[in-house]
Peer 1: 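Below is one structure. I have some questions about it.
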Amino acid sequence: MSMLAVIVKCFRPVRLISRPFDKLFWLPATWGVLNVEPDLRELRRLYPTLKGAVAFNRQLLHRIFVKCGSAIRQLQCSNLQPTTLDSIANHCNRLRELSLKSMKPNYLLDALSTLSMNGIFIKLERLDITMENYRATSFDANSMKQLMTFIASSCPNLRELHFVLNGYITIDGLSSLIRGCQNIERLSLASCHLFGDDEIELITGSEFAAKLKYLCLMQYTPATDEQLFRLAHHLPNLEIIVIHHAERITNAGIQAFAGQCHRLRWVKILGCRQVTLGVLDNFGFESRMNCPVVYPPQWPVELGFGYEKVVDT
């Protein structure tokens, strides 16, 4: 089977018609967005052993990065090996958006350090660090702090951050992130189990508070109605709020938030057991299922509902 046929089967975003397109395929101008999420089942079918499949995947990616890496602006990667990350660091020097999915904890920090040494993170405007099943893989508190400190020191131009890992976010890590990334407009944070008044004060007092348009807080167990009101009061341009697993907030907190946050367009509530269906019916919102959540909370699995603003009150 030719290389192009394997690419079509194993790299879903790539669509080629026939072999004469080979030269066009390898032109840097062809590339701008690369989604590296190989179908391992298809690779196993084409190659008898998983070792052979991984070796093919690594060789193909290395060729792509060497020939076309300088043209890639958006890169999405899943389950990458260290050697592939080295290729990214050496050849993808114009990235604006980087998504690292399902990276093993034992070398995630090393991988990020390698990328940072080549200046890749300086120009980044969006960074996603996520686990597809973040309950199955956990990071200790120190690793979480190191990751957030690293992001803060390496990504000064970041406008969008989705940090969805299983591990406690401490106030030290959050403080570093807020000091270093002052232009964030879209923010997702998982594992907000420890978020108390001090953490909320850090967010509301940040340089990016007035710029924030999207905020997703997952496993936000300590949340209170008072904290929600403080968030709304200091986030004047917020358009989308996602609140997950906040068992203490009530209808009054959600209603006060919606009433204070005048640019709010969407409210997504998951696992907030004291908030009842219809909570925003009299506040110009209607129930909708298609709230634009970037990374839907996966665990704990909770029932929820979304609201879209249809009438300015």
Peer 1: Could you pull out all residues at least two apart from Tyr220 that satisfy ring pair (Phe, Tyr, Trp, His ring centres under 6.0 Å)?
Peer 2: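 Once residues adjacent in sequence are excluded, Tyr220 has no partner under the ring pair (Phe, Tyr, Trp, His ring centres under 6.0 Å) criterion.
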Peer 1: Strictly distance-based, threshold 3.5 Å: is any side-chain N or O of Gln255 a donor or acceptor partner for the main-chain N or O of Val279?
Peer 2: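 Judged by distance alone, yes, a pair lies under 3.5 Å.
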Peer 1: Please tell me whether Ile200 and Phe208 are part of a single hydrophobic cluster in this structure, the criterion being side-chain heavy atoms less than 4.5 Å apart.
Peer 2: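 The answer is yes; both residues are in one hydrophobic cluster.
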Peer 1: Inspect the surroundings of NE2 in His193 and state if more than 12 heavy atoms from other residues, nucleotides or ligands are less than 6.0 Å away.
Peer 2: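 Atom NE2 in His193 is crowded, with more than 12 foreign heavy atoms closer than 6.0 Å.
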Peer 1: Keeping His233 on the side-chain end and Phe229 on the backbone end, is there a donor-acceptor pair under 3.5 Å?
Peer 2: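 No; zero donor-acceptor contacts below 3.5 Å.
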Peer 1: With distance as the sole criterion, is a donor-acceptor pair present between the side chains of Asn251 and Thr276 under 3.5 Å?
Peer 2: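 Indeed, the side chains of Asn251 and Thr276 share at least one donor-acceptor pair under 3.5 Å.
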Peer 1: Rounded to the nearest 0.5 Å, how far apart are CG of Leu238 and CZ of Arg265?
Peer 2: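 Answer rounded to 0.5 Å: 12.0 Å.
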Peer 1: With rounding to the nearest 0.5 angstrom, report the CG to CG distance, Leu187 to Leu217.
Peer 2: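 Those atoms lie 7.5 Å apart.
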Peer 1: For a quick check under 3.5 Å, do Asn237 and Lys211 share a side-chain donor-acceptor pair by atom type?
Peer 2: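 No, Lys211 and Asn237 have no side-chain donor paired with an acceptor closer than 3.5 Å.
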Peer 1: Cluster question for you: counting only ILVMFWY and a side-chain heavy-atom cut-off of under 4.5 Å, with indirect links fine, are Leu189 and Ile171 together?
Peer 2: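 They do share one cluster, since a chain of ILVMFWY contacts under 4.5 Å joins Leu189 to Ile171.
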Peer 1: Is it true that Arg288 and Glu286 have a side-chain N and a carboxylate O under 4.0 angstrom from each other?
Peer 2: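 The answer is yes: the pair qualifies as a salt bridge.
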Peer 1: Would you say the side-chain atoms of Ser143 and Asp140 include a donor-acceptor pair closer than 3.5 Å?
Peer 2: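 Looking only at side-chain atoms, Asp140 and Ser143 do form a donor-acceptor pair, the distance falling under 3.5 Å.
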Peer 1: Do you know the tightest heavy-atom contact between Arg186 and Leu212?
Peer 2: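 Scanning both residues, the minimum pair turns out to be N-CD1, 4.1 Å.
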Peer 1: Are the side chains of Ile88 and Leu75 in touch, meaning some heavy atoms are under 4.5 Å apart?
Peer 2: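 Result yes, sub-4.5 Å side-chain heavy-atom pair found.
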Peer 1: Determine whether a donor-acceptor pair (N or O, by modelled atom type, separation under 3.5 Å) exists between the side chain of Ser175 and the backbone of Asp172.
Peer 2: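 A pair under 3.5 Å: no.
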Peer 1: With a 4.5 Å cut-off on side-chain heavy atoms, are Val66 and Asn90 touching?
Peer 2: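 Asn90 does not reach Val66 side chain to side chain.
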Peer 1: The test is side chain to side chain contact (heavy atoms under 4.5 Å, CB included); show your working for Arg73 and Arg94 and say whether it passes.
Peer 2: CA-CA 6 Å; Arg73 299 294 185 271; Arg94 297 184 180 180; 3.5 Å; yes
Peer 1: How far does OG of Ser87 sit from CD1 of Ile64, to the nearest 0.5 angstrom?
Peer 2: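 Going from OG on Ser87 over to CD1 on Ile64, the span is 10.5 Å.
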Peer 1: Tell me if a side-chain donor or acceptor on Gln219 pairs with a main-chain N or O of Ser191 at a distance below 3.5 Å.
Peer 2: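 Yes.
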Peer 1: For the residue pair Gln227 and Asp197, confirm or rule out a side-chain donor-acceptor distance under 3.5 Å.
Peer 2: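 Asp197 and Gln227 do have a side-chain donor-acceptor pair below 3.5 Å.
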Peer 1: So Tyr307 and Phe305, would you call those rings parallel, tilted or perpendicular, with 30° and 60° as cut-offs?
Peer 2: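 Taking Phe305 first and then Tyr307, their aromatic rings stand perpendicular (interplane angle over 60°).
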Peer 1: Are Arg159 and Glu185 within salt-bridge range, i.e. N to O under 4.0 Å?
Peer 2: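 The answer is yes: the pair qualifies as a salt bridge.
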Peer 1: Is there a side-chain contact between Tyr214 and Val294 in this structure, where contact means two heavy atoms from C-beta onward sitting under 4.5 Å apart?
Peer 2: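 In short, these two side chains touch, coming nearer than 4.5 Å.
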Peer 1: Starting from the C-alpha separation in whole Å, work towards a yes-or-no answer on side chain to side chain contact (heavy atoms under 4.5 Å, CB included) for Lys309 and Phe285.
Peer 2: CA-CA 4 Å; Lys309 194 167 190 179; Phe285 288 78; 3.6 Å; yes
Peer 1: Between atom CD1 of Ile240 and atom CH2 of Trp266, what is the distance when rounded to the nearest 0.5 Å?
Peer 2: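 If I round to the nearest 0.5 Å, the distance is 8.5 Å.
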Peer 1: Tell me whether the count of non-hydrogen atoms from other residues, nucleotides or ligands lying under 6.0 Å of NZ in Lys145 goes above 12.
Peer 2: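 Check fails, neighbour count at 12 or below.
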Peer 1: Should Leu147 and Leu202 be regarded as members of a common hydrophobic cluster, given that ILVMFWY residues are connected when their side-chain heavy atoms come within less than 4.5 Å of each other, either directly or indirectly?
Peer 2: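 The answer is yes; both residues are in one hydrophobic cluster.
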Peer 1: Please tell me if the side chains of Leu95 and Lys123 come closer than 4.5 Å, counting only heavy atoms from C-beta onward.
Peer 2: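 They are not in side-chain contact.
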Peer 1: Is any side-chain heavy atom of Leu215 less than 4.5 Å from a side-chain heavy atom of Val242?
Peer 2: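 SC-SC contact between Leu215 and Val242 ruled out.
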Peer 1: Between Ile72 and Cys92, what is the shortest heavy-atom contact and its length?
Peer 2: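 Taking every non-hydrogen atom into account, CD1-SG, 4.5 Å.
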Peer 1: As a quick check of understanding, evaluate side chain to side chain contact (heavy atoms under 4.5 Å, CB included) for Thr221 and Cys192, giving each step before the final call.
Peer 2: CA-CA 7 Å; Thr221 310; Cys192 302; over 6 Å; no
Peer 1: Measuring from His162:NE2 to Asp128:CG, what's the distance to the nearest 0.5 Å?
Peer 2: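 It comes to 5.0 Å.
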Peer 1: Closest heavy-atom contact between Cys261 and Leu235?
Peer 2: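 Here Cys261 and Leu235 meet closest at SG-O, 3.4 Å.
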Peer 1: Closer than 4.0 angstrom, basic N to acidic O: yes or no for Asp225 and Arg248?
Peer 2: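 Not counted as a salt bridge, because no side-chain N and carboxylate O are separated by less than 4.0 Å.
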Peer 1: Going through the checks in order, is the side chain to side chain contact (heavy atoms under 4.5 Å, CB included) test met by Ile203 and Glu199?
Peer 2: CA-CA 7 Å; Ile203 294 176; Glu199 285 77 7; 5.9 Å; no
Peer 1: For a quick test of reading the model, state the closest non-hydrogen atom pair linking Tyr295 to Met218 and the distance between them.
Peer 2: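 Tyr295 and Met218 have their closest heavy atoms at O-CE, 3.2 Å.
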Peer 1: Taking the side chain as C-beta and beyond, is there a heavy-atom pair between Glu125 and Glu160 under 4.5 Å?
Peer 2: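 Side-chain contact under 4.5 Å: no.
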Peer 1: Indicate whether the side chain of Asn166 and that of Ser138 have a donor and an acceptor atom separated by less than 3.5 Å.
Peer 2: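 Judged by distance alone, the side chains do not pair up.
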Peer 1: If hydrophobic clusters are built from ILVMFWY residues whose side chains come within less than 4.5 Å, do Leu98 and Ile122 share one?
Peer 2: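 Result: no, two separate clusters.
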Peer 1: Does Ser154 reach the main-chain N or O of Ile151 with its side chain, forming a donor-acceptor pair under 3.5 Å?
Peer 2: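 Between the backbone of Ile151 and the side chain of Ser154 there is no qualifying donor-acceptor contact (under 3.5 Å).
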Peer 1: Measure from the side-chain N and O atoms of Gln260 to the backbone N and O of Phe257, and report whether any donor-acceptor pair falls under 3.5 Å.
Peer 2: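 The answer is no, because no donor-acceptor pair under 3.5 Å joins these two groups.
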Peer 1: Which atom pair, heavy atoms only, marks the closest approach of Phe195 to Leu174?
Peer 2: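 Looking at all heavy atoms of both residues, the closest pair is CZ-CD2, 3.9 Å.
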Peer 1: When you compare the side chain of Lys101 with that of Met131, does any pair of heavy atoms fall below 4.5 Å?
Peer 2: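 No - every pair of side-chain heavy atoms lies 4.5 Å or more apart.
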Peer 1: For Gly304 versus Leu270, what's the shortest heavy-atom pair and its separation?
Peer 2: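 Where Gly304 meets Leu270 most closely, the heavy atoms are CA-CD2, 3.8 Å.
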Peer 1: Counting C-beta onward and ignoring hydrogens, is there a side-chain heavy-atom pair between Phe150 and Leu177 closer than 4.5 Å?
Peer 2: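 Phe150 vs Leu177: side chains apart.
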Peer 1: Please write out which residues are connected to Leu194 in a hydrophobic cluster, directly or through intermediates, given that two of Ile, Leu, Val, Met, Phe, Trp, Tyr count as joined at side-chain heavy-atom separations below 4.5 angstrom.
Peer 2: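 Taking Ile, Leu, Val, Met, Phe, Trp and Tyr as members, Leu194 shares its hydrophobic cluster with Tyr168.
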Peer 1: To the nearest 0.5 Å, tell me how far Leu161 CG sits from Met148 CE.
Peer 2: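 Leu161 atom CG to Met148 atom CE measures 7.0 Å (nearest 0.5 Å).
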